[in-house]
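Worth saying up front: this structure is predicted, and the values here are computed from it rather than measured. Chain letters run A, B, ... following the sequence lines, proteins first and then strands; every chain starts at 1.
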2 protein chains.
Amino acid sequence: MHQPEFHLRLPDWLIQHLNKPLPAFISDQQKMAWVIELSRHNSANDGGPFAAAVFDSSTNELISVGANLVIPTNCSVMHAEIVALIMAQQKTGRYHLEQNSEHSYELFSTTEPCAMCMGAIPWAGISRLVCGARDEDARKIGFDEGDKPDDWMKKFSQRNISVVRDLCRHEATQVLEQYAQQHGTLY
Amino acid sequence: MHQPEFHLRLPDWLIQHLNKPLPAFISDQQKMAWVIELSRHNSANDGGPFAAAVFDSSTNELISVGANLVIPTNCSVMHAEIVALIMAQQKTGRYHLEQNSEHSYELFSTTEPCAMCMGAIPWAGISRLVCGARDEDARKIGFDEGDKPDDWMKKFSQRNISVVRDLCRHEATQVLEQYAQQHGTLY
């Protein structure tokens, strides 16, 4: 039986983008504005209109980035949040980012996570999630967000994962709307 | 900024196992018994006590297999179901298995999916899920199954994904219990 392999590498445009000087990441707003810019670039480079990044909450250091790579990787699992989590774990060498670490980690996502990404966050060792657009903004342009518990944010809070929503929601939603206007593939 | 990469390859023992003649896959029971055997081997080879496989429901052809590789890959996303779905998509070249295909696909999993894997299944293009142990069997030995909607099976049915549960539940649970007795890592 032929055994395929799967290789995940950030796209060239994103690697080039990361080689430029990074802006100051001090406030939540600065971080989110930069991640939304990534989602715009990803959309213009055959990816989906979504991006994410993991930061060290203690030092504000950027640990990893992700963009929706479902179409370029031929893999439905490769949502922006999942790519950012995989890369953060490869970089730190820990499958649970906060276990055996004195640091805490936060995930910024340009849209609230779908059911799969919501499920992935607690396993990854993230204690703070910051979102731009709401899932209804993604559904409005035709993306399916899946079946999450209605009170998933409360359940996150019970797991000591704090959630901030609606940060730069307007700007994040603009990227979604522009993607829809250009008839981007929905999945 | 250093950009890590992620390479997913099945472990050597599993590739060797797949190079042996495969049994006949005609009934659900034959498929599940074989997948449970994989979960036992994975457990004995530094992986978690979980395995999964994708079959073509029309021809009974084995498309891909997965095993829990969280620890060996240092990646919390690499549950058995996710590995099997990624590999099936790489093999077929389709990020939605049933889109642009005349075939339908089924996922066999030795334990009911956690919240992340539950969320991943509809995106992958699977129309039938067959499970061994229940999620309470996994929770009983200390694994966290995450926050799924209480009626997730009904929601799957509304998406035209049928779910069969409790197939060889006893045998699947035995692998979980044996893992717990050997003090396997919980995550």
Q: Taking the side chain as every heavy atom from C-beta outward, state whether A:F6 and B:H7 have any atom pair closer than 4.5 Å.
A: no

Q: Does the side chain of B:Q158 come within less than 4.5 Å of A:D147's, by heavy atoms?
A: no

Q: Is there side-chain contact between B:Q3 and A:L10, with at least one heavy-atom pair below 4.5 Å?
A: yes

Q: For B:M118, is it the side chain, the backbone, both, or neither that has a heavy atom closer than 4.5 Å to a heavy atom of chain A?
A: side chain

Q: So which residue, A:Q99, A:K91, A:M78, ends up with the most heavy-atom pairs under 4.5 Å with chain B?
A: A:K91

Q: Starting at OG1 of A:T92, measure out to CG of B:N74 and round the result to the nearest 0.5 Å.
A: 7.0 Å

Q: Step by step, would you call A:Q90 with B:C75 a side-chain contact (heavy atoms from CB on, under 4.5 Å)?
A: CA-CA 7 Å; A:Q90 297 311 297; B:C75 180; 3.9 Å; yes

Q: Got B:P149 and A:K148 here, is their nearest side-chain heavy-atom distance under 4.5 Å?
A: no

Q: Treat each ILVMFWY residue as a node, draw an edge where side-chain heavy atoms are under 4.5 Å apart, and state whether B:I86 and A:V83 are in one component.
A: yes

Q: Should A:F55 and A:L18 be regarded as members of a common hydrophobic cluster, given that ILVMFWY residues are connected when their side-chain heavy atoms come within less than 4.5 Å of each other, either directly or indirectly?
A: yes

Q: Could you tell me which of B:I15, B:I71, B:I121, B:I82 has the largest number of non-hydrogen atom pairs under 4.5 Å with chain A?
A: B:I71

Q: Should the heavy atoms of other residues, nucleotides or ligands under 6.0 Å from CG of A:N45 be counted, would the total exceed 12?
A: yes

Q: Take atom CG in B:D166; do more than 12 heavy atoms of anything else shown fall under 6.0 Å from it?
A: yes

Q: Consider only side-chain heavy atoms of I, L, V, M, F, W and Y, link residues closer than 4.5 Å, and tell whether A:V175 and A:M32 are in one cluster.
A: yes

Q: Which heavy atom in A:W123 sits nearest to a heavy atom in B:M116, and how many Å separate them?
A: CD1-CE, 4.0 Å

Q: Answer whether the closest heavy-atom distance between the side chains of B:R159 and A:D144 falls below 4.5 Å.
A: yes

Q: With the side chain counted from C-beta on, respond yes when B:E5 and A:L8 share a heavy-atom pair under 4.5 Å apart, and no when they do not.
A: no

Q: Go through B:V70, B:L22, B:N19 and name the one with the most non-hydrogen pairs under 4.5 angstrom from chain A.
A: B:V70

Q: Do A:L69 and B:Y95 have side chains that approach each other closer than 4.5 Å (heavy atoms only, starting at C-beta)?
A: no

Q: Side chain, backbone, both or neither: which part of A:L14 has a heavy atom under 4.5 Å from chain B?
A: neither

Q: Are A:F108 and A:Y105 in one and the same hydrophobic cluster, where Ile, Leu, Val, Met, Phe, Trp and Tyr link if side-chain heavy atoms are under 4.5 Å apart?
A: no

Q: Is there a continuous path of hydrophobic side-chain contacts, each under 4.5 Å between heavy atoms, that joins A:L129 to A:W34?
A: no

Q: List the steps and the verdict of side-chain contact (heavy atoms from CB on, under 4.5 Å) for A:Q89 and B:S76.
A: CA-CA 8 Å; A:Q89 293 174 341; B:S76 62; 2.8 Å; yes

Q: Counting only heavy atoms closer than 4.5 Å, note whether A:E145 contacts chain B via side chain, backbone, both or neither.
A: backbone

